[in-house]
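These numbers come from a predicted model, not from an experiment.
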Amino acid sequence: MRLFFALWPDDAVRAQLAHWSRELHAACGGRPTREENLHLTLAFLGGVEEARAAEVERAANEVAPRAISLVLDEPGYWKHNRIAWAGASVVPPALEALASELRGALEKSQIRFDVKSFVSHVTLLRDAREPRAMPALEPIEWRLAGFALVQSVTSPGGSRYEIRKSWKDGV
């Protein structure tokens, strides 16, 4: 099974991200991320055997979820992989720390994950062309209260993401 840890938006943030996606799509085309799949990846594990899922969860239990306020206020485009995204001009140190602690716990438990640097962003479009200019978008305030272990399930209609377990601040 394919697993990753992510920040999972509530319905209001998801609706605002979907609006950004439509605005960006008008500027650069591409293939929109399905609204129900919008998320911010903390650590991508890729293929994990079902038998190791409990180990993955135990590693995450070592990380304290925390309340963080993230303001997505910066649309962006990566030319090398043709992705349009939503990001923050200022990444809260607590978010950087959360990603670092989670990755450290995975490493300590010898659980493999993609070691590319953490980049705080939500992928909105794939196979997009570079826009002439980024549209001005209304900032999105996202109050984070925890993180989730998510499984990517492939079906004929495309991938859908299912939360396997959540870790919430104060729970």
Side-chain angles (χ1 to χ4, degrees), residues 1-45 60 63-79 81-99 102 114 116-171:
M1 65 185 153
R2 290 172 49 89
L3 298 177
F4 59 94
F5 284 98
L7 302 176
W8 207 253
D10 62 25
D11 291 341
V13 169
R14 187 174 303 285
Q16 290 175 289
L17 286 167
H19 176 75
W20 268 37
S21 183
R22 288 188 294 276
E23 294 285 321
L24 284 171
H25 189 262
C28 50
R31 198 168 30 91
T33 300
R34 290 169 43 184
E35 188 170 337
E36 64 273 15
N37 284 350
L38 292 167
H39 67 279
L40 191 155
T41 302
L42 295 168
F44 180 77
L45 280 60
V63 179
R66 61 209 75 176
I68 303 168
S69 183
L70 175 67
V71 177
L72 299 173
D73 59 355
E74 185 173 69
Y77 178 80
W78 288 319
K79 196 176 199 166
N81 56 6
R82 302 178 63 214
I83 287 178
W85 48 268
S89 58
V90 177
V91 178
L95 177 54
E96 293 276 1
L98 175 64
L102 182 58
D114 186 345
K116 280 189 285 201
S117 296
F118 171 68
V119 179
S120 174
H121 76 285
V122 178
T123 298
L124 300 176
L125 304 170
R126 295 182 184 283
D127 302 322
R129 34 178 212 283
E130 188 170 11
R132 291 177 206 255
M134 280 292 175
L137 297 169
E138 204 57 42
I140 300 169
E141 187 167 345
W142 185 358
R143 297 197 182 280
L144 311 167
F147 60 95
L149 176 61
V150 183
Q151 181 175 350
S152 175
V153 179
T154 306
S155 65
S159 293
R160 76 178 190 286
Y161 301 150
E162 297 176 356
I163 294 176
R164 286 182 58 101
K165 185 172 178 179
S166 293
W167 289 261
K168 300 279 186 200
D169 182 44
V171 177

Among all residues two or more places apart in sequence or in another chain, which pass the salt bridge (charged side-chain N to carboxylate O under 4.0 Å, His left out) test with Arg2? none
All side chain to side chain contact (heavy atoms under 4.5 Å, CB included) counterparts of Lys116, not counting sequence neighbours: Asp114
Just to verify, what does Arg82 make a salt bridge (charged side-chain N to carboxylate O under 4.0 Å, His left out) with, not counting sequence neighbours? none
Could you tell me which residues satisfy side chain to side chain contact (heavy atoms under 4.5 Å, CB included) with Glu162, sequence neighbours excluded, listed by chain and number? Val153, Arg160
Can you sort out the partners of Phe118 under ring pair (Phe, Tyr, Trp, His ring centres under 6.0 Å), two or more places apart, ordered by chain and number? none
Output all residues satisfying ring pair (Phe, Tyr, Trp, His ring centres under 6.0 Å) with Trp167, sequence neighbours left out; order by chain, then residue number. Phe5, Phe147
Between His19 and Glu138, is a side chain to side chain contact (heavy atoms under 4.5 Å, CB included) present by the stated rule, with each step listed? CA-CA 10 Å; His19 176 75; Glu138 204 57 42; over 6 Å; no
Leu98 and Ala64: which non-hydrogen atoms are nearest, and at how many Å? CD1-O, 4.1 Å
Glu35 versus Ala15, closest heavy-atom pair with distance: OE2-CA, 4.0 Å
Residues passing the salt bridge (charged side-chain N to carboxylate O under 4.0 Å, His left out) test with Glu130, sequence neighbours excluded, are Lys79
Residue set satisfying side chain to side chain contact (heavy atoms under 4.5 Å, CB included) with Thr123, at least two apart, ordered chain then number -> Thr33, Ile83, His121, Arg126
Of all heavy-atom pairs between Leu144 and Leu70, which one has the smallest distance, and what is that distance? CD1-CB, 4.1 Å
Residue among Phe44, Tyr161, Trp85 satisfying ring-ring contact (aromatic ring centres under 6.0 Å, His included) with His39: Tyr161
Partners meeting side chain to side chain donor-acceptor pair (under 3.5 Å) with Asp73 (sequence neighbours left out): Ser89
Can you name the residues that form a side chain to side chain donor-acceptor pair (under 3.5 Å) with Glu36, not counting sequence neighbours? Arg34
Does Glu141 have any side chain to side chain donor-acceptor pair (under 3.5 Å) partners at least two apart in sequence or in another chain, and if so, which? Ser69, Arg143
Stepwise, does the side chain to side chain contact (heavy atoms under 4.5 Å, CB included) test hold for Leu7 with Trp142? CA-CA 10 Å; Leu7 302 176; Trp142 185 358; 3.9 Å; yes
Please report the C-alpha distance between Leu38 and Leu124 in whole Å, then the side-chain angles of each, then the deciding distance to 0.1 Å, and finally whether the side chain to side chain contact (heavy atoms under 4.5 Å, CB included) criterion is met. CA-CA 7 Å; Leu38 292 167; Leu124 300 176; 3.8 Å; yes
Checking Pro131 now: which residues fulfil side chain to side chain contact (heavy atoms under 4.5 Å, CB included) with it, not counting sequence neighbours? Ala27, Cys28, Tyr77, Met134
